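Just below is one structure, and these are the notes that go with it.
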Amino acid sequence: MDLILIGFMGSGKTTISQLLGERLGLPVTDLDQVIVETAERSIAAIFAEQGEVGFRLLETQALAAQLDQPGILATGGGVPTQEQNRELLQRHAAPVILLEIAPETAYERVKADKHRPIAKNLNLAELAALKASRQAYYQSCADLVVDANQTPETIVNEIIDYFQAIN
Ligand SMILES: Nc1ncnc2c1ncn2[C@@H]1O[C@H](COP(=O)(O)OP(=O)(O)OP(=O)(O)O)[C@@H](O)[C@H]1O
Ligand SMILES: O=C(O)C1=C[C@@H](O)[C@@H](O)[C@H](O)C1
Ligand SMILES: [Mg+2]
């Protein structure tokens, strides 16, 4: 991979990766989508049938398999919570960009979407607590932190400035 996006649910990893792909002319891979295509089941179905532990195993396998592919990788929101995933991200040469989002903004963005099995049962306070419990993991993987409460265009411009400065 040339660029990897991490961040909490609703921070915009999927959205921003698509825009970056268009601007940089690079292929885009969404790890959640890879898992769904490989397992031939939705994320909600994987959680229901195999639990979060089963989902995390598939996620680590997918991450390891994708890292050697070219382009931009949008990870799932829980990727940095797993030690093996953090090691994979830290060992890989591609810059890791953390999209940093306020819990209130994340909540507003994901509350109507029932496809996220973890978020769909949480109120704002619980979502904020989950994010706080993960924050050190996100930070420990990040080469650059971008304020994801801004417009998509501003976020993309900041990431492209960084990407061009290091390449
Ligand atoms: N910068 C932004 N400004 C306004 N809305 C945004 C922005 N980024 C994303 N959104 C919207 O927020 C919602 C969640 O975005 P997205 O699916 O890209 O997040 P994600 O980080 O990939 O989440 P997940 O970790 O669950 O995969 C979408 O409806 C998207 O259109
Ligand atoms: O933050 C999380 O734990 C998750 C985020 C999504 O991208 C999916 O990977 C799944 O819904 C779990
Ligand atoms: Mg996503």
Side-chain angles (χ1 to χ4, degrees), residues 1-37 42-44 47 55-56 59 62-63 66-67 69-82 85-86 88-89 92 94-166:
M1 285 293 163
D2 299 288
L3 198 59
I4 300 170
L5 300 183
I6 64 169
F8 195 63
M9 288 174 275
S11 59
K13 303 175 295 296
T14 298
T15 307
I16 299 301
S17 65
Q18 293 295 337
L19 297 172
L20 284 170
E22 286 165 24
R23 287 271 301 272
L24 295 171
L26 289 170
V28 177
T29 305
D30 194 277
L31 200 66
D32 283 335
Q33 209 179 313
V34 171
I35 297 165
V36 167
E37 283 164 14
S42 68
I43 289 178
F47 266 76
F55 176 77
R56 297 296 173 205
E59 186 175 56
L63 178 66
Q66 290 304 317
L67 282 177
Q69 303 299 315
I72 296 163
L73 180 66
T75 59
V79 162
T81 65
Q82 307 300 302
N85 298 345
R86 294 196 294 277
L88 283 168
L89 291 177
H92 192 68
V96 177
I97 316 292
L98 170 59
L99 296 181
E100 182 54 40
I101 189 84
E104 293 77 10
T105 315
Y107 183 72
E108 287 307 314
R109 288 186 191 168
V110 304
K111 69 177 180 190
D113 188 339
K114 298 295 167 217
H115 294 100
R116 294 175 179 83
I118 292 183
K120 75 171 189 194
N121 298 316
L122 303 182
N123 63 31
L124 170 57
E126 291 164 336
L127 196 79
L130 176 66
K131 180 173 181 287
S133 75
R134 292 176 169 186
Q135 198 59 29
Y137 297 136
Y138 291 130
Q139 294 281 354
S140 73
C141 296
D143 295 304
L144 175 74
V145 183
V146 174
D147 178 1
N149 306 282
Q150 311 177 90
T151 64
E153 194 191 12
T154 305
I155 296 165
V156 167
N157 285 338
E158 282 188 20
I159 296 172
I160 289 179
D161 284 349
Y162 174 80
F163 184 73
Q164 288 174 341
I166 61 168

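Here the structure is a predicted model, which means the values were calculated and not measured. Position 1 is the first residue of the sequence; numbering continues from there.
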Side chains of Leu5 and Val96, heavy atoms from C-beta outward: is any pair under 4.5 Å?
no
Could you check Glu126 against Leu130 for side chain to side chain contact (heavy atoms under 4.5 Å, CB included), going step by step and ending with a plain yes or no?
CA-CA 6 Å; Glu126 291 164 336; Leu130 176 66; over 6 Å; no
Would you call Val146 and Leu98 a side-chain contact if the rule is heavy atoms closer than 4.5 Å?
no
Quick check against the 3.5 Å criterion: does Gln150 have a side-chain atom that pairs as donor or acceptor with the backbone of Asp147?
yes
Residues Ile118, Phe55; criterion side chain to side chain contact (heavy atoms under 4.5 Å, CB included); working and verdict:
CA-CA 12 Å; Ile118 292 183; Phe55 176 77; over 6 Å; no
Euclidean distance, Met1 CE relative to Leu63 CG, rounded to 0.5 Å:
9.0 Å
Under a plain distance cut-off of 3.5 Å, with no hydrogens placed, do Asn157 and Arg23 share a side-chain donor-acceptor pair?
yes
Look only at the side chain of Asp2 and the backbone of Pro70, and say whether a donor-acceptor pair between them is shorter than 3.5 Å.
no
Applying side-chain contact (heavy atoms from CB on, under 4.5 Å) between Val156 and each of Leu20, Leu24, Asp161, report the one that passes.
Leu20
Would the distance check show the side chain of Arg134 and the main-chain N or O of Pro80 forming a donor-acceptor pair, the cut-off being under 3.5 Å?
no
Take atom CZ in Phe47; do more than 12 heavy atoms of anything else shown fall under 6.0 Å from it?
yes
Can you tell if the side chain of Leu99 reaches within under 4.5 Å of the side chain of Ile16, non-hydrogen atoms only?
yes
To the nearest 0.5 Å, how far apart are CD1 in Ile72 and CG in Leu26?
5.0 Å
Please evaluate residues Glu108 and Leu124 with respect to the criterion side chain to side chain contact (heavy atoms under 4.5 Å, CB included), reporting the C-alpha separation (whole Å), side-chain torsions for both, the decisive distance (0.1 Å), and the verdict.
CA-CA 9 Å; Glu108 287 307 314; Leu124 170 57; over 6 Å; no
For Val34, does its backbone N or O pair with a side-chain atom of Glu37 as donor and acceptor, under 3.5 Å?
no
So, His92 side chain and Leu67 main chain: donor-acceptor pair closer than 3.5 Å or not?
yes
Ion pair present between Glu100 and Lys131, side-chain N to carboxylate O less than 4.0 angstrom?
yes
In short, Ile101 meets Ser11 closest at the heavy-atom pair CG2-CB, 3.8 Å
Can you find a pair of side-chain heavy atoms, one from Val145 and one from Tyr138, that are under 4.5 Å apart?
no
Treating Asn149 as the side-chain partner and Thr105 as the backbone partner, does any N or O pair qualify as donor plus acceptor under 3.5 Å?
no
Looking at Leu89 and Cys141, what are the two nearest heavy atoms and their distance?
CD1-SG, 4.1 Å
Can you find a pair of side-chain heavy atoms, one from Gln69 and one from Thr29, that are under 4.5 Å apart?
no
Do you know the tightest heavy-atom contact between Val28 and Ser17?
CG2-O, 3.3 Å
When rounded to the nearest 0.5 angstrom, what is the spacing between CG in Leu144 and CD in Glu158?
7.5 Å
What distance separates Leu127 CG from Tyr107 OH, expressed to the nearest 0.5 Å?
8.0 Å
If you take all heavy atoms of Pro95 and Tyr162, which pair is closest and at what distance?
CB-CE2, 3.8 Å
Asp32 CG to His115 NE2 distance, which is reported to the nearest 0.5 Å:
12.0 Å
Provide the closest heavy-atom pair for Val110 versus Met9 in the form atom of the first, atom of the second, distance.
CG1-C, 4.0 Å
Check: Phe8 main-chain N/O paired with Lys13 side-chain donor or acceptor under 3.5 Å:
yes
Shortest non-hydrogen contact between Gln66 and Leu73, atoms and distance:
CB-CD1, 4.4 Å
Could you state the interatomic distance from CD1 (Ile97) to OG1 (Thr75), rounded to the nearest 0.5 Å?
11.5 Å
